[in-house]
Asker: 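Okay, here's the structure, questions in a sec.
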Amino acid sequence: MHWADVLADELIKKGKKHVLATGITPSGPIHIGNMREVLTTDAVYRSLVEKGAKAEFIYIADDFDHLRKVYPYLPKSYEKYVGIPICDIPCPCGNHKSYADHYLEPFLNSLKKIGINPRVYRASEMYKNGKYSDAIQTALENTNNIRKIIETISKRELPKHWIPFNVRCEKCGRITSTKPVLYEFPNVEYKCDCGHEGSVDIREGGAGKLPWRIDWPARWKMLGVTFEPFGKDLGTVGGARQTGEKIVKDIYGYSPPNYAVYEFILLKGKGAMHSSKGTALSSEEMLNMTPPEVLRFLIMKNQPNKHIVFDPGFGLLSLVDEYDQNERVYFGEEEKTRGMKDLDKTYELSQPYEIPEKIPYQVPYRHLVTIVQIGKNWSGMKKILLRTGQIPKDLSDSDENHLKQRADHVKYWLECFAPDTARFEVKKNMPDMQLSNNQKKVLLSLVERLGTIHWEPKDIHNAIYDSSEMEKIPIKTTFKTIYQVILGQEKGPRAGYFLSNLDKSFVLNRFKEAVK
RNA sequence: GGGCCUGUAGCUCAGCUAGGUAGAGCAUCUGGCUUUUAACCAGGUGGCCAAGGGUUCGAAUCCCUUCAGGCCCGCCA
């Protein structure tokens, strides 16, 4: 059984109505690892709906959380905003409403692309319009109990005058620098490091924020959350999940949601991703180089608790190939091999939107990598594909769109992530290089022979072999020579097809120039 | 110290969330496509499933122990 079905079945045992939540703080570029949380939730959501349960998928952007430090990707001037909720900090690029929106917006766009449309809640709004008021009051009434829970489970000692509420300083706007002096419902008197002393009414929207360990359980109850996955860092003993379970039960009288702990996505050769260390791959970038269905596939085929090593180099091509193979099996065009566990479900969950009725037209992804570089734009590519018979003349619009999209992904990948050996470029001018006598000999022979043949892949291919044999030069050397004078490198795409896509006189002139 | 993951063919890994003859890709070897360019087809070689114990008619799969590696444990998914 697919893991999403297992999780959905567990939920259905408890009831027929469910609220599935995810939450990510948009304090920096939201990377592909964060995406795993959303996709995991989406998989369970879809399984629930399929099984006839009522389910709602919500996404909580904790934009009332404060800026923790000046991350490396921020200007130094942001020092003054540390401690202020990110919804109240100006946008780094100036084009968004706030700091939070700057990172949230592209992420929500990415979600759309991979077929996820959760109901979005913003913590800042919930705080500011008083939704949290009851939860805050309950927390404050239970200060000692909460303190005991946190101290016992997480084995931390809390400050003497700690209360489960961080007042937002009315003067400097920070929620980290205030210290409570006195709480007497409904007011908290506080002192801020900025020198301000004041008093806030907790029923007033936006007066302050519950600390994370209380905010989370409070939100479970408030929104009726029954499922929420979280990263392995939060699943640790004494962590926020554990204190949250106890707090939500004892203080808020609500039973903790089901969950899945998901492992990290590691970048091949780089390890775990950290936005703050610049080793993260943002979701936008990821979606620019990976077709959305393939990105989903990566998450869906792996159980959440298994770490994933993502290789943005050649590994990506293999991943797409694997997806395509699964697709062929799903549509019965190929035999299932043994390792394809839960193939049908995995394939269905990989679709951003509708499941195709029939198999989309496939062109091997690796081949697209070559075609993209020869054909440049889509019409050029289409011409090549038509001529070589790799697509039929009556290709449907949806198939064409699909291929076009893939070509765009390939292009982005080539520009930003592809290893050098995947790239080639037809040099406009003769590359600067020295050819051996043998190389010159074979080129001369080729000029002659190619001049007389039809400019067809097969004929070109044969001509290359004939010349090579004639001049008693290893075929390897001949290919190498061709690539060197045309591409300036020693390897390249299959020569016959490749040359046939270039202008005949261009090729002949280049060869002539090379032997001078 | 605690938690999670991993250990299966030379390499990368699937199979463990249904216990029932050990799998794929790559590499290698043989043959073919009248001739390899990270090409295709057919076939072959290759594994005490980390080690030990337990449950079972039957274990890579479930349970326990050990060993080795990775990650997490203020904030970070």
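All figures in this text were calculated on a predicted structure; none of them were measured in a lab. Naming convention: chains lettered A, B, ... in sequence-line order (proteins, then strands); numbering from 1 in each chain.
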Asker: Using the test side-chain contact (heavy atoms from CB on, under 4.5 Å), find all partners of P312(A) that sit at least two apart in sequence or belong to another chain.
Answerer: L267(A), M289(A), F310(A), F417(A)

Asker: To the nearest Å, give me how far apart CD1 (I299(A)) and P (A77(B)) are.
Answerer: 15 Å

Asker: Please enumerate all residues that pass side-chain contact (heavy atoms from CB on, under 4.5 Å) together with Q303(A), with sequence neighbours excluded.
Answerer: W3(A), N305(A), K306(A), K341(A)

Asker: Can you name the ring-ring contact (aromatic ring centres under 6.0 Å, His included) partners of Y262(A), sequence neighbours left out?
Answerer: none

Asker: Does K301(A) or G23(A) map to a spot on RNA chain B nearer the 5' end, using the closest nucleotide for each?
Answerer: K301(A)

Asker: Looking at K113(A) and E284(A), does any basic side-chain N land under 4.0 Å from a carboxylate oxygen?
Answerer: no

Asker: Taking the P atom of each, how far is G7(B) from G44(B), in whole Å?
Answerer: 28 Å

Asker: Out of C75(B), U35(B), C76(B), which has the shortest distance to the side chain of D233(A)?
Answerer: C76(B)

Asker: Using the C1' atoms only, state how far C11(B) lies from A27(B), rounded to an integer number of Å.
Answerer: 7 Å

Asker: Using a 4.0 Å heavy-atom cut-off across all strands, classify R36(A) as base, sugar-phosphate, or nothing.
Answerer: nothing

Asker: Are any protein N/O atoms closer than 3.5 Å to N/O atoms in nucleotides 6-8 of chain B? If there are, list each pair with its distance.
Answerer:
residue : atom : partner : partner atom : Å
U6(B)   : OP1  : K306(A) : NZ           : 2.8

Asker: Using atom P of each nucleotide, how far apart are U45(B) and G25(B) to the nearest Å?
Answerer: 15 Å

Asker: Nearest whole angstrom, please: distance from the C1' of C72(B) to the CD of Q242(A).
Answerer: 14 Å

Asker: Between G47(B) and A42(B), how far apart are the two C1' atoms, rounded to whole Å?
Answerer: 24 Å

Asker: Between P on C13(B) and CG on L319(A), what's the gap in Å once rounded to a whole number?
Answerer: 14 Å

Asker: Partners of D193(A) by side-chain contact (heavy atoms from CB on, under 4.5 Å), sequence neighbours excluded?
Answerer: S177(A), K179(A)

Asker: Any chance you could encode RNA chain B as dot-bracket? Rule is Watson-Crick or G-U wobble with both distances under 3.5 Å; [ ] for pairs crossing earlier ones, | for another strand.
Answerer: ((((((((.[[[[.)....(..]]]].(((((.......))))).....[[[[[..)....]]]]])))))))....

Asker: In whole angstroms, how far is the P atom of C5(B) from the CH2 atom of W3(A)?
Answerer: 16 Å

Asker: With nearest nucleotides of RNA chain B determined for W212(A) and T478(A) from heavy-atom distances, which residue corresponds to the more 5′ nucleotide?
Answerer: T478(A)

Asker: Distance check needed: C13(B) C1' versus N326(A) CG, whole Å only.
Answerer: 14 Å

Asker: By the salt bridge (charged side-chain N to carboxylate O under 4.0 Å, His left out) test, which pairs, at least two apart or in different chains, include something from residues 25-37 of chain A?
Answerer: none

Asker: Looking at K14(A), I'd like to know if its NZ atom is crowded, meaning that more than 12 non-hydrogen atoms belonging to other residues, nucleotides or ligands lie closer than 6.0 Å.
Answerer: yes

Asker: Quantified in whole Å, what is the P atom distance between nucleotide U12(B) and nucleotide G54(B)?
Answerer: 33 Å

Asker: Whole angstroms only, please: what is the CG-C1' distance between L234(A) and C75(B)?
Answerer: 10 Å

Asker: Considering residues at least two apart in sequence or located in another chain, which fulfil the ring-ring contact (aromatic ring centres under 6.0 Å, His included) criterion with Y127(A)?
Answerer: F64(A), Y132(A)

Asker: Name the orientation class of the two ring planes belonging to Y45(A) and F57(A) (parallel below 30°, tilted from 30 to 60°, perpendicular beyond 60°).
Answerer: tilted

Asker: Which residues satisfy the side-chain contact (heavy atoms from CB on, under 4.5 Å) test with R68(A), sequence neighbours excluded?
Answerer: D65(A), H66(A), Y71(A)

Asker: Distance alone, cut at 3.5 Å: any donor-acceptor contact between the side chains of S98(A) and D101(A)?
Answerer: yes

Asker: Between the protein and nucleotides 1-3 of chain B, list every N/O to N/O distance that falls short of 3.5 Å.
Answerer:
residue : atom : partner : partner atom : Å
G2(B)   : N2   : T236(A) : OG1          : 3.3

Asker: Rounding to the closest angstrom, what is the interatomic distance between C62(B) and C16(B) at atom C1'?
Answerer: 9 Å

Asker: Keeping to residues at least two apart or across chains, list the salt bridge (charged side-chain N to carboxylate O under 4.0 Å, His left out) pairs with something in residues 22-32 of chain A.
Answerer: none

Asker: Given the C1' atoms of G19(B) and U61(B), what is the spacing between them in whole Å?
Answerer: 6 Å

Asker: Respond yes when some side-chain nitrogen or oxygen of Y71(A) is under 4.0 Å from OP1 or OP2 of C76(B), and no when none is.
Answerer: no

Asker: Would you mind reading off the distance between H461(A) atom NE2 and U35(B) atom P, rounded to a whole angstrom?
Answerer: 7 Å

Asker: Can you list the residues that meet the side-chain hydrogen bond (donor to acceptor under 3.5 Å, both in side chains) rule with D88(A), with sequence neighbours excluded?
Answerer: K128(A), R168(A)

Asker: Quickly work out the I265(A) CD1 to C72(B) C1' distance and round it to whole Å.
Answerer: 16 Å

Asker: For atom P, what is the distance between U66(B) and C4(B), given to the nearest Å?
Answerer: 14 Å

